[in-house]
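A quick write-up on the structure given underneath.
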Amino acid sequence: MSPEALSELIFNIANNLVNEGKAGTLTTDLIPPQAKFAVMRPKDRAHGDWASNAAMQLAKKAGMKPHDFAELFAAELANADGIKSVEVAGPGFINIVLDSASAAAVVDTVLNEGANYGKNDHLSGKTLNLEFVSANPTGPIHIGGTRWAAVGDSMARVLEANGAKVVREYYFNDHGEQINRFAKSLVAAAHGEETPIDGYKGAYIDEIARRVIDEAKADGIAILDLPRVDGGVDNDGNPLGEGDSEQREEFRKRAVPMMFDEIRKSMKDFRVNFDVWFHENSLYSDGEVDKAIADLRERGDIYEKDGATWFESTKHGDDKDRVIIKSDGNYAYFAADIAYYRNKRHRDNDPADIAIYMLGADHHGYIGRMMAMCAAFGDEPGENMQILIGQLVNVLKDGKAVRMSKRAGNVVTIDDLTDAIGVDASRYSLARTDYNSPVDIDLNLLASHSNENPVYYVQYAHARSCNVDRNAAAAGITYEGADVSLLDTAADGEVLAALAQWPALLREAGDLRAPHRVAHYLEDLAATYHKWYNVERVVPMELTDPEARGEQAEALRIAKAPEPARAAARLKLNDAVKTVIAEGLDLLGVAAPDRM
RNA sequence: GGCCCCGUAGCUCAGCUGGAUAGAGCAUGUGACUUCUAAUCUCAAGGUCGACGGUUCGAGCCCGUCCGGGGUCACCA
């Protein structure tokens with residue numbers, strides 16, 4: 001019997017007790033939804049396989065003592081199929097022990113459903129647009145964006161496992177001033193000049209500059225000879241770099257697409273496959289920005305002041321109104337965001353029911369205006385628009401924080417990370433941390449190419465289970481004749497219970513937008529498996545001198561030299577673990593190796 | 001100052017609708033490979049869950065006030 005089936009049973013018993021007049025002042029409309037009746041896995045095995053706090057939750061409403069009310073539940077539960085015993089303990093916990101066949105039923109469920117075990121369709125019919133990373137196309141993805149790539153893609157996979165249609169989307173900010181900074185940084189690098197005060201530097205800038213020069217040359221253009229304009233210096237005498245020249249424009253035209261390709265490749269190598277690569281520029285060239293502003297104007301949320309055009313976001317809960325067209329006639333960045341959201345919701349292909357934004361903590365100040373904009377369009381903030389704020393990645397050197405900046409050229413990139421520890425370890429360690437917490441990356445640790453990563457613990461469990469398969473096959477052990485009710489040892493029970501918890505966990509990870517829970521679950525499952533492996537065998541071994549063990553002899557035989565029906569059942573259990581670990585690792589974008 | 005996140009073992013972090021004796025990894029000490037992979041397992045040690053109040057059968061979790069750390073505030077993008 002699965003924990004879900006148990007919860008349903010307890011929920012039904014609560015209703016029956018009311019209908020039979022045994023539940024005091026409790027009425028059926030006071031009973032919370034079934035989800036509130038989830039059973040828990042007690043830490044202490046003396047408290048049963050599963051425990052319910054239903055009686056304690058309802059006792060007050062029933063006007064009864066929790067312990068007495070629990071006894072009523074216990075009496076009903078004791079009669080149910082698959083339940084071995086029920087006991088009321090402590091203040092009113094109902095502790096349930098399943099009979100071994102019932103507890104082991106999960107094994108066949110897993111093997112029948114395979115990689116679909118635990119998946120559900122409770123989000124089906126909804127299209128979720130998940131925008132993440134969206135790093136500027138002015139350089140390689142840095143460690144911060146890498147975190148969102150790992151977390152965002154895993155979240156997408158988890159949401160899909162809950163039945164949602166997910167559109168993974170990357171937004172290229174290819175419109176604004178940062179593109180000019182990028183272009184003039186390239187010009188400076190190409191001529192060996194000082195980096196502009198607001199420019200970028202680093203090996204990638206030199207490399208892109210070289211590639212642009214080569215590409216232009218192949219097209220018959222001597223790019224370094226094109227007309228230049230000196231941008232002058234700022235008040236402190238720092239160089240502002242190349243002005244709006246023909247040469248800068250040529251660099252921009254050629255370099256920006258290179259960056260698009262670089263980023264696409266980085267994401268693909270990181271096993272993140274975006275469905276839509278959206279260009280900010282297209283919002284302007286397609287007139288969507290103007291349409292969006294006109295839409296808001298029609299809704300009465302636009303006004304003119306001081307020569308600028310404003311969005312009256314305070315009407316919808318923002319702290320202050322926001323400029324969308326500046327007094328110099330240029331659009332503010334936010335104008336494109338408005339058009340972009342509108343596009344996500346009303347585009348022809350896969351319009352979003354829910355637009356989820358994953359943003360870094362440095363963008364949290366945007367939530368107010370974004371939600372106001374959502375409301376202004378008549379949508380429901382928090383429902384149609386959901387913003388997840390993730391904390392930043394801190395880079396440490398010798399235990400001290402290092403400030404990354406493109407200006408200083410000391411940015412830690414996605415390639416730095418994956419070159420050092422590989423994609424599996426990178427994705428896993430970034431996805432297993434709750435994005436509400438900051439992450440520290442120590443440069444010394446990266447340089448050491450350390451193998452210390454919990455991902456190997458989980459992967460090893462998978463490789464180990466594959467090895468058991470190979471040995472079982474060699475010994476002629478198959479599922480034939482398996483009796484899963486013989487999975488009755490303590491170690492078996494722990495593994496079975498861990499397997500049984502996967503469906504609820506997967507759903508919770510989706511509902512809470514918490515893919516890191518998948519990783520922690522896998523570590524728990526792997527731990528029960530490794531312990532199991534150390535005390536029990538699938539392939540029987542020959543016991544020398546078993547009689548000498550005295551009273552231990554039978555326990556030893558069960559553990560190390562199982563009879564055929566038990567060995568076959570253990571093989572099934574082994575394979576069920578293998579299946580769930582592979583499924584879980586896939587949700588994290590991590591490989592499940594057959595050997596290590 | 002306003003708003004957001006965080007504070008749990010020496011370090012890095014989990015902690016599931018509030019639940020029984022607060023967990024794991026690393027590090028430290030200790031055992032287990034002539035028999036399915038020792039990237040594993042066993043045992044030990046390590047805690048005022050930042051502080052103080054409140055809510056209740058019960059608080060690491062919920063509410064309030066403080067303390068400490070990080071982030072943010074624009075006619076920048």
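What you see below is based on every heavy atom in this structure, not just the backbone, and it leaves out hydrogens, waters and symmetry mates. Labels below follow one simple rule: chain letters A, B, ... track the order of the sequence lines, proteins then strands, and each chain is numbered from 1. What you see is a predicted model; the values in this text were computed from it and never measured.
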Side chain A:Thr309, main chain A:Ile302, donor-acceptor under 3.5 Å: no

If you check every side-chain atom of A:Ala89, which of B:A20, B:U35, B:C75 has the closest atom? B:A20

Give the nucleotide from the list B:C16, B:A14, B:C5 with an atom nearest to the side chain of A:Arg517. B:C16

At under 4.0 Å between heavy atoms, what does [X] touch on the DNA or RNA strands: base, sugar-phosphate, or nothing?
X        : value
A:Asp318 : nothing
A:Gln501 : nothing
A:Ala463 : base
A:Asp594 : base
A:Lys65  : nothing
A:Asn53  : base
A:Ala51  : base

Salt bridge [X]-[Y], side-chain N to carboxylate O under 4.0 Å:
X        : Y        : answer
A:Glu312 : A:Arg322 : no
A:Lys184 : A:Asp198 : yes
A:Glu536 : A:Arg570 : yes

What is the distance, rounded to the nearest whole Å, between atom [atom1] of [X] and atom [atom2] of [N]?
X        : N     : atom1 : atom2 : result
A:Lys36  : B:U17 : NZ    : C1'   : 4 Å
A:Asn453 : B:C13 : CG    : P     : 14 Å
A:Tyr435 : B:C5  : OH    : P     : 11 Å
A:Ile387 : B:C3  : CD1   : C1'   : 14 Å
A:Leu58  : B:G18 : CG    : C1'   : 15 Å
A:Ile94  : B:A20 : CD1   : P     : 16 Å
A:Leu396 : B:C11 : CG    : C1'   : 12 Å
A:Gln57  : B:G58 : CD    : P     : 16 Å

Run the ring-ring contact (aromatic ring centres under 6.0 Å, His included) test on A:Tyr460 and A:His530 for me, step by step, so that the C-alpha distance in whole Å, both residues' side-chain angles and the decisive distance to 0.1 Å come before the verdict. CA-CA 9 Å; A:Tyr460 188 58; A:His530 285 310; 5.7 Å; yes

Would you indicate, yes or no, if B:A14 has its OP1 or OP2 atom less than 4.0 angstrom from a side-chain nitrogen or oxygen of A:Ser437? yes

Is the CD atom of A:Glu542 crowded by more than 12 outside heavy atoms at less than 6.0 Å? no

For B:A20, is there a stacking contact with A:Phe93, counting only centres under 5.5 Å and planes under 30°? yes

Assess whether one donor atom and one acceptor atom, taken from the side chain of A:Asn95 and the base of B:A20, lie less than 3.5 Å apart. yes

Are there any protein N/O atoms within less than 3.5 Å of an N/O atom in nucleotides 39-46 of chain B, and if so, which ones and at what distance?
from: B:A39; atom 1: OP1; to: A:Tyr460; atom 2: OH; distance (Å): 3.4
from: B:U40; atom 1: O2'; to: A:Arg464; atom 2: NH1; distance (Å): 2.9
from: B:U40; atom 1: O2'; to: A:Asn534; atom 2: ND2; distance (Å): 2.9
from: B:C41; atom 1: OP1; to: A:Tyr457; atom 2: OH; distance (Å): 2.4
from: B:C41; atom 1: O4'; to: A:Asn534; atom 2: ND2; distance (Å): 3.1

Identify whether NZ of Lys or CZ of Arg in A:Arg464 sits under 6.0 Å from the centre of the six-membered ring of A:Tyr533 and within 45° of that ring's axis. yes

When you measure from the centre of the six-membered ring of A:Trp50, is the NZ or CZ of A:Arg41 closer than 6.0 Å and no more than 45° off the axis? yes

Identify the pairs formed between an N or O of the protein and an N or O of nucleotides 67-73 of chain B at a distance under 3.5 Å, and give each distance.
from: B:G71; atom 1: OP1; to: A:Arg403; atom 2: NH1; distance (Å): 3.4
from: B:G71; atom 1: O2'; to: A:Ala361; atom 2: O; distance (Å): 3.2
from: B:G71; atom 1: N2; to: A:His364; atom 2: ND1; distance (Å): 3.1
from: B:G71; atom 1: N2; to: A:His364; atom 2: NE2; distance (Å): 3.0

[atom1] atom, [N] versus [M]: distance in rounded Å?
N     : M     : atom1 : result
B:A45 : B:A9  : C1'   : 11 Å
B:G19 : B:G58 : P     : 14 Å
B:A14 : B:C49 : C1'   : 13 Å

For RNA chain B, determine which residues of residues 40-50 of chain A have any heavy atom closer than 4.0 angstrom to one of its atoms, and list them numerically. A:Met40, A:Lys43, A:Asp44, A:His47

Side-chain polar contacts of residues 511-523 of chain A - donor-acceptor pairs under 3.5 angstrom, sequence neighbours left out - could you list them?
from: A:Asp511; atom 1: OD1; to: A:His122; atom 2: NE2; distance (Å): 2.9
from: A:Arg513; atom 1: NE; to: A:Gln386; atom 2: OE1; distance (Å): 3.4
from: A:Arg513; atom 1: NH1; to: A:Gly510; atom 2: O; distance (Å): 3.1
from: A:Arg513; atom 1: NH2; to: A:Gln386; atom 2: OE1; distance (Å): 2.8
from: A:Arg517; atom 1: NH1; to: A:Glu508; atom 2: OE2; distance (Å): 3.0
from: A:His520; atom 1: NE2; to: A:Arg432; atom 2: O; distance (Å): 2.9
from: A:Tyr521; atom 1: OH; to: A:Ala498; atom 2: O; distance (Å): 2.6
from: A:Glu523; atom 1: OE1; to: A:Arg432; atom 2: NH2; distance (Å): 2.9
from: A:Glu523; atom 1: OE2; to: A:Tyr428; atom 2: OH; distance (Å): 2.6
from: A:Glu523; atom 1: OE2; to: A:Arg432; atom 2: NE; distance (Å): 2.9
from: A:Glu523; atom 1: OE2; to: A:Arg432; atom 2: NH2; distance (Å): 3.3

Under a 3.5 Å cutoff on both atom distances, Watson-Crick or G-U, what's the dot-bracket for RNA chain B ([ ] crossing, | other strand)? (((((((..((((.....[...)))).((.((.......)).)).....(((((..]....))))))))))))....

Should A:His47 and A:Asn95 be marked as a side-chain hydrogen bond (donor to acceptor under 3.5 Å, both in side chains) after you check the CA-CA gap, both sets of side-chain angles, and the distance that decides it? CA-CA 6 Å; A:His47 295 146; A:Asn95 296 335; 5.1 Å; no

Name the residue closer to the 5' end of RNA chain B, choosing between A:Ser52 and A:Arg595 according to the nucleotide with the nearest heavy atom. A:Ser52

Between A:Val468 and A:His520, which residue's closest nucleotide on RNA chain B lies nearer the 5′ terminus? A:His520

State, without any angle test, whether A:Asp594 and A:His462 hold a side-chain donor-acceptor pair at a distance under 3.5 Å. no

Please enumerate all residues that pass side chain to side chain contact (heavy atoms under 4.5 Å, CB included) together with A:Ile367, with sequence neighbours excluded. A:His364, A:Met371, A:Ile387, A:Ile389

By the rule that syn is within 90° of 0, classify the base conformation of B:C33 as syn or anti. syn

Can you check side-chain hydrogen bond (donor to acceptor under 3.5 Å, both in side chains) on A:Asp434 and A:Ser437, steps first, answer last? CA-CA 6 Å; A:Asp434 183 352; A:Ser437 298; 5.0 Å; no

Does the side-chain hydrogen bond (donor to acceptor under 3.5 Å, both in side chains) test come out yes or no for A:Asp337 and A:Tyr357, once each step is laid out? CA-CA 11 Å; A:Asp337 282 336; A:Tyr357 293 74; over 6 Å; no

Taking the ring centre of each residue, are A:Phe260 and A:Phe172 less than 6.0 Å apart? yes

Quickly, which of A:Tyr340, A:Tyr331, A:Tyr333 forms a ring-ring contact (aromatic ring centres under 6.0 Å, His included) with A:Tyr284? Name it, please. A:Tyr331

